[in-house]
**Q** 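After the structure tokens below, expect a handful of questions from me.
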Amino acid sequence: MDDFASQIYSVVYQIPHGKVATYGDIAQMAGFPRYARQVGKLMASLPKDTQLPWHRVINAKGCISLTGEGLIRQRERLQAEGIEISEAGKLSLRRYRWMHDTDA
DNA sequence: AGCCTGACTCCTA
DNA sequence: CTAGGAGCCAGGC
């Protein structure tokens, strides 16, 4: 496994229940600034039975980047954690964003 | 090398 | 808050 992938997985795995983080934040926390796109590509390659909380990863706009089935699945998972999210998959980033140093 | 694509982000209007 | 445009990185043709 690549070092990049290992670092990203490690960070995503640390996102607490009921919280979310953006691709950019994760990339930065993992030590790879500006690698948001690569994080997304990594998430897209995850096996469907992964234990990684990939559903807690969203974009900087505060909404799910997936479409169709993927959007539905992620939205359901987030709602299951007590997160208020719109039909389009948008949520209050101000309220649910995971700050590595301020929360957790 | 050049061009296009994508679970991205920031700045400006 | 919504749109448009440019910047960003890796991978495929």
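By convention in this document, chain letters (A, B, ...) are assigned in the order of the sequence lines, proteins followed by strands, and residues within each chain are numbered from 1. Because only heavy atoms are used, hydrogens play no part in the values below, and waters and symmetry mates are left out as well, while side chains stay in.
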**Q** Whole angstrom is fine here: how far is it from NZ in A:K61 over to P in B:dA7?
**A**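 Result: 15 Å.
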**Q** Take the protein atom CZ of A:R94 and the nucleotide atom C1' of C:dC1, then report the distance between them rounded to whole Å.
**A**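 Distance, rounded to whole Å: 13 Å.
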**Q** Identify whether any heavy atom of A:Y35 sits under 4.0 Å from a base atom; if not, whether one sits that close to sugar-phosphate; answer base, sugar-phosphate or nothing.
**A**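 The answer is sugar-phosphate, as A:Y35 gets under 4.0 Å only of primed atoms, P, OP1 or OP2.
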**Q** Apply side-chain contact (heavy atoms from CB on, under 4.5 Å) to the pair A:I85 and A:I64, showing each step before the final yes or no.
**A** CA-CA 10 Å; A:I85 183 168; A:I64 297 173; 3.9 Å; yes
**Q** Among the nucleotides B:dC10, B:dC8, C:dC8, which one has an atom lying closest to any side-chain atom of A:A60?
**A**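 Nearest to the side-chain atoms of A:A60, counting from C-beta on, is B:dC10.
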**Q** Can you tell me how far P of B:dA7 sits from CG of A:L46, to the nearest Å?
**A**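 After rounding, the gap between these two atoms is 14 Å.
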**Q** Answer whether the closest heavy-atom distance between the side chains of A:H17 and A:R56 falls below 4.5 Å.
**A**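 Answer yes - side chains close enough.
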**Q** Measure from NZ on A:K90 to P on B:dA7 and round the result to the nearest Å.
**A**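 Interatomic distance, NZ of A:K90 to P of B:dA7: 19 Å.
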**Q** Determine whether a donor-acceptor pair (N or O, by modelled atom type, separation under 3.5 Å) exists between the side chain of A:E81 and the backbone of A:R77.
**A**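 Pair absent, no side-chain N/O of A:E81 close to backbone of A:R77.
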**Q** Which pair of non-hydrogen atoms, one from A:Y96 and one from A:G18, has the smallest distance, and what is that distance?
**A**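 Where A:Y96 meets A:G18 most closely, the heavy atoms are CD2-O, 3.7 Å.
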**Q** If I compare all heavy atoms of A:H55 with all of A:Q74, which pair ends up nearest, and what's the gap?
**A**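 Closest pair (atom of A:H55, atom of A:Q74, distance): O-NE2, 2.9 Å.
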**Q** Taking the side chain from A:N59 and the backbone from A:K61, do they hold a donor-acceptor pair closer than 3.5 Å?
**A**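 Side chain of A:N59 to backbone of A:K61: a pair is present.
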**Q** B:dA7 P sits how many Å from A:D25 CG, rounded?
**A**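 Taking atom P of B:dA7 as the reference, CG of A:D25 is at 20 Å.
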**Q** A:Q28 CD to B:dC8 P: how many Å, rounded?
**A**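 From A:Q28 CD to B:dC8 P: 18 Å.
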**Q** Grab the CZ-P distance between A:F4 and C:dA10 for me, whole Å please.
**A**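 Atom CZ in A:F4 sits about 9 Å away from atom P in C:dA10.
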**Q** Which of these nucleotides, C:dC8, B:dA7, B:dC10, is closest to any side-chain atom of A:R37?
**A**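 Taking heavy atoms from C-beta onward, the closest nucleotide is C:dC8.
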**Q** The test is side-chain contact (heavy atoms from CB on, under 4.5 Å); show your working for A:W98 and A:M29 and say whether it passes.
**A** CA-CA 11 Å; A:W98 173 47; A:M29 277 186 262; 3.9 Å; yes
**Q** Rounded to whole angstroms, how far apart are CD on A:Q38 and C1' on B:dT9?
**A**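 Whole-Å distance recorded here is 14 Å.
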**Q** Let me have the donor-acceptor pairs involving side chains of residues 31-40 of chain A, under 3.5 Å, with sequence neighbours excluded, atom names and distances please.
**A**
none

**Q** Between residues 65-85 of chain A and DNA chain B, which residues have a heavy-atom gap below 4.0 Å?
**A**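 Within residues 65-85 of chain A, the residues near DNA chain B are A:S65, A:L66, A:Q74.
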**Q** So which heavy atom on A:I26 is nearest to which on A:A21, and how close?
**A**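 Taking every non-hydrogen atom into account, CG1-CB, 4.0 Å.
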**Q** Can you list the stems that DNA chain B is part of, where a stem is at least 3 pairs in a row, each Watson-Crick or G-U, with both distances below 3.5 Å?
**A**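 Stem list for DNA chain B: B:2-6 with C:9-13, B:8-13 with C:2-7.
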**Q** Could you work out the separation of B:dC11 and C:dC9 based on their P atoms and round it to a whole Å?
**A**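 Approximately 16 Å lies between the P atom of B:dC11 and that of C:dC9.
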